[in-house]
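Input: a single structure, listed below in structure tokens.
All values below were derived from every heavy atom in this structure, side-chain atoms included, with hydrogens, water molecules and symmetry-related copies excluded. Each chain gets a letter, A, B and so on, in the order its sequence line appears, and its residues count up from 1.
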Protein chains: 4
Amino acid sequence: MTISGKQPEVSPGPGRPRSEEAHKAILAATLDLLSTVGYDRLTVAAVAGLAGVGKATIYRRWPSKLPLVVEAFSTQIPTLRLPDTGNIVDDLNEVLRDFVEIIETTPLAVVLPILAGEGARDPVLASTLAPLFKARRQPLIRVLERAVSRRELPPDIDIEAAADVIMGPVVNRLFFTGADLGPERVKPFVEAALFGINRLRA
Amino acid sequence: MTISGKQPEVSPGPGRPRSEEAHKAILAATLDLLSTVGYDRLTVAAVAGLAGVGKATIYRRWPSKLPLVVEAFSTQIPTLRLPDTGNIVDDLNEVLRDFVEIIETTPLAVVLPILAGEGARDPVLASTLAPLFKARRQPLIRVLERAVSRRELPPDIDIEAAADVIMGPVVNRLFFTGADLGPERVKPFVEAALFGINRLRA
Amino acid sequence: MTISGKQPEVSPGPGRPRSEEAHKAILAATLDLLSTVGYDRLTVAAVAGLAGVGKATIYRRWPSKLPLVVEAFSTQIPTLRLPDTGNIVDDLNEVLRDFVEIIETTPLAVVLPILAGEGARDPVLASTLAPLFKARRQPLIRVLERAVSRRELPPDIDIEAAADVIMGPVVNRLFFTGADLGPERVKPFVEAALFGINRLRA
Amino acid sequence: MTISGKQPEVSPGPGRPRSEEAHKAILAATLDLLSTVGYDRLTVAAVAGLAGVGKATIYRRWPSKLPLVVEAFSTQIPTLRLPDTGNIVDDLNEVLRDFVEIIETTPLAVVLPILAGEGARDPVLASTLAPLFKARRQPLIRVLERAVSRRELPPDIDIEAAADVIMGPVVNRLFFTGADLGPERVKPFVEAALFGINRLRA
DNA sequence: CAGTAATCGAGACGGTACGTCCCGTCTTTAT
DNA sequence: ATAAAGACGGGACGTACCGTCTCGATTACTG
């Protein structure tokens with residue numbers, strides 16, 4: 001955060017510092033249970049037990065169960081790679097294949113929509129989630145920006161809207177249509193987004 | 001539902017009949033609370049109290065809280081109109097404008113993602129929800145079919161996928177991107193879906 | 001309470017009535033645990049488990065753990081018999097022997113002082129306890145009243161004070177002096193109370 | 001405590017010596033809170049906070065909460081004076097008046113019964129408390145011994161039992177009967193103890 | 001038209017998770 | 001080594017909700 005590294009990060013203040021070990025164990029246990037039993041069968045007491053931690057140690061860090069789950073799943077986000085194949089079609093294909101794979105192999109399919117729903121009602125939560133959702137979109141945005149600089153897309157394109165057009169069809173299918181969608185089937189959706197739905201032949 | 005509709009399909013049998021009034025009051029109270037406090041802060045006891053009904057009267061009709069919410073929200077669906085302007089662009093614009101308006105003025109913004117999340121975890125629920133989600137897509141599917149018969153779209157197009165490409169961007173923006181999106185801003189998304197994201201100029 | 005017995009006790013009010021069975025099971029379980037593990041190792045959850053009852057069923061009846069214990073021990077009081085031998089000395093001996101036996105074979109030795117201490121600080125609790133403590137003294141008071149009517153005691157004697165003089169030495173020994181005191185050793189204390197400490201020969 | 005009091009009895013060893021100031025502040029804070037909130041709503045953290053001390057500083061001196069409270073309350077005891085009027089009646093009156101005054105103006109009314117109750121459950125605590133309770137009785141025992149040597153009491157009297165007969169009525173009234181009892185009302189109880197309850201006229 | 005049976009509002013039931021609080025210990029930096 | 005500060009594991013507390021059950025009181029059909 002600082003430019004010159006001179007200062008000692010932050011003053012730790014008096015008292016025993018919070019255990020980084022416990023912090024990690026809690027998040028790991030949360031993700032473990034999330035994938036095992038799902039969101040609402042996950043209990044804070046079970047997380048504490050699995051992490052070898054007291055409940056108070058959890059509540060000292062997160063005000064309730066939901067923010068804990070939010071942070072746990074947010075640690076998964078950096079795994080979204082930023083591809084650089086040199087052309088937009090292949091880049092987008094890779095980004096979407098990654099995304100589909102994560103959704104289908106982690107509890108995100110359960111947690112993401114719940115967060116979206118809660119966020120729609122609770123502005124505080126929404127502002128907590130905003131940067132996380134934004135981070136999730138970042139690789140996609142970068143891919144599109146590079147496409148612009150390569151003149152594959154017009155310079156005045158609305159990149160945010162374009163991102164929605166790319167992600168949307170896949171998101172809709174994963175969460176609402178319920179149709180099967182492996183990573184290998186994202187290609188037609190990329191083409192449709194780029195060139196129009198006429199490309200969607202049977 | 002039956003072909004000869006002259007009289008009550010089945011003999012009602014002995015005993016006091018179920019109150020149609022109570023039924024409606026329960027659904028209305030459920031929707032009310034859904035929009036007020038959200039899904040999991042909604043309690044069945046509160047629904048009962050608001051509807052002036054005993055809890056057993058609710059559980060006599062729905063096996064648990066979730067199906068109750070599902071039915072309550074499904075009563076909102078028929079308001080999606082099926083437009084028929086004669087060309088695909090205007091039809092799609094109208095369908096999407098309707099959809100955006102409903103999402104932004106009813107508790108569906110909260111309920112829909114939650115149901116999607118729960119459905120991802122509970123296959124029984126998923127199969128309950130499938131026809132409801134399908135009904136929601138129906139106007140869009142019909143619009144696309146008519147476009148095919150008008151030769152505006154190729155005859156071998158994958159209509160289900162096309163529907164996802166149309167709806168997806170709007171859905172993504174409404175539920176996850178969090179950006180503003182009034183009914184008047186759906187037009188660029190329709191064009192992008194039809195002709196590709198090159199159309200998305202600033 | 002009413003003179004003519006016509007009315008049906010009390011209106012039960014709507015809704016499922018509280019289970020008398022559960023009530024008794026809770027009190028029995030409380031006494032059981034009180035004697036097994038003592039006051040503060042007794043947990044409400046354990047009481048619930050032992051009684052085969054939900055915790056809420058306990059908290060619906062008693063606001064917290066202490067009042068529950070109060071009521072549980074108060075059910076023990078009626079076992080204090082009211083003797084009637086015809087003379088004050090034997091009557092008092094029997095009352096005190098009963099009292100000592102109860103203290104030494106039930107958790108009252110633990111609970112009574114705690115209640116006294118809490119009552120000294122909390123007026124609400126004190127007024128709850130007052131009738132219970134009074135009931136405990138009742139047999140002793142009656143014995144003294146009968147002694148007055150038999151002219152064994154002067155008619156203008158302060159009976160409440162006399163009761164303290166009778167009970168006090170035994171109470172003090174049981175709770176504070178810590179000396180051994182079986183039921184068979186109460187006799188000298190009765191005589192001392194009646195005739196003065198000169199009677200307390202080794 | 002030692003006969004030659006010139007310097008610290010033991011070599012203080014290396015390191016910072018324990019703060020005598022902190023010690024006193026802890027005991028004062030304990031007594032303060034005891035009278036304010038009672039025994040089990042008193043928390044060690046609150047004592048530490050009020051004393052301006054870390055919790056570890058408390059646990060370095062006392063193994064747990066109870067011994068801390070025991071020591072705090074035992075500091076109150078030395079104020080019991082040993083009267084010497086020359087006759088037993090006045091001596092006892094003074095001893096009891098002192099006792100009543102202390103109970104009614106300090107948190108002892110709360111602490112004493114609680115300690116008695118805990119002691120009944122925990123033999124270790126009981127043996128810790130025994131010398132304290134004994135010290136409290138010491139002035140009374142001395143008064144009685146002097147009465148024996150003055151031939152006011154028979155030489156073979158059971159002094160321990162006599163002490164219970166003297167203290168008991170007052171204790172019972174203070175802790176369990178709940179009746180008013182100022183220092184000026186102890187006289188009848190002294191007389192009753194000495195000569196029998198016939199003296200207790202209205 | 002009396003009897004039967006399912007319904008009603010109300011609210012208690014067993015069970016379980018929540019989030020808070022406290023105990024007694026441990027871990028930091030500072031003196 | 002002790003100090004203040006405060007986090008730690010553990011565990012009880014009292015609250016809230018779920019889905020079921022039990023009341024007395026309707027409200028229909030059935031015989």
Side-chain angles (χ1 to χ4, degrees), chain A residues 11-19 21-22 40-46 48-49 51-65, chain B residues 11-19 21-22 40-46 48-49 51-60 62-66, chain C residues 11-19 21-22 40-46 48-49 51-65, chain D residues 12-19 21-22 40-46 48-49 51-66:
Chain A
S11 154
R16 178 174 176 173
R18 295 198 178 167
S19 162
E21 207 175 338
D40 60 49
R41 260 169 290 235
L42 171 149
T43 72
V44 176
V53 145
K55 272 205 300 174
T57 300
I58 296 178
Y59 282 103
R60 207 173 284 120
R61 290 167 165 77
W62 297 275
S64 72
K65 174 178 155 177
Chain B
S11 150
R16 178 174 174 173
R18 293 193 179 170
S19 160
E21 210 175 334
D40 61 51
R41 257 159 294 227
L42 171 149
T43 73
V44 176
V53 145
K55 274 206 302 174
T57 301
I58 295 177
Y59 282 102
R60 211 172 282 118
W62 296 274
S64 75
K65 173 180 158 178
L66 198 51
Chain C
S11 152
R16 178 175 177 172
R18 295 200 178 164
S19 161
E21 208 175 337
D40 60 51
R41 260 170 290 236
L42 171 149
T43 72
V44 176
V53 144
K55 270 203 304 173
T57 300
I58 296 179
Y59 283 104
R60 208 173 283 118
R61 291 166 163 79
W62 297 275
S64 72
K65 175 177 156 179
Chain D
R16 178 173 172 172
R18 292 193 181 173
S19 159
E21 211 175 333
D40 62 51
R41 257 160 294 228
L42 171 149
T43 71
V44 176
V53 145
K55 276 207 299 174
T57 301
I58 295 178
Y59 282 102
R60 210 172 284 120
R61 289 166 164 80
W62 296 274
S64 75
K65 173 179 158 178
L66 198 51

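With rounding to the nearest 0.5 Å, the separation of OG in A:Ser19 from CZ in A:Arg60 is 10.5 Å.
When the local axes at the two ends of the helix from E:dC1-F:dG31 to E:dT31-F:dA1 are compared, using 5 base pairs at each end, they differ in direction by 20° after rounding to 10°.
The shortest side-chain heavy-atom distance between B:Lys65 and B:Leu42 falls under the 4.5 Å cut-off.
Across all non-hydrogen atoms, the minimal contact from A:Gly54 to A:Ala48 is C-CB, 4.1 Å. Contact between D:Ala22 and D:Arg61 at its shortest, heavy atoms only, is CB-NH2, 4.4 Å.
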B/S/- along nucleotides 8-14 of chain F (protein heavy atoms under 4.0 Å) is BBB-BSB

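Checked against side chain to side chain contact (heavy atoms under 4.5 Å, CB included), C:Ala51 has the following partners two or more places apart in sequence or in another chain: C:Ala25, C:Ile26, C:Ala29, C:Val53.
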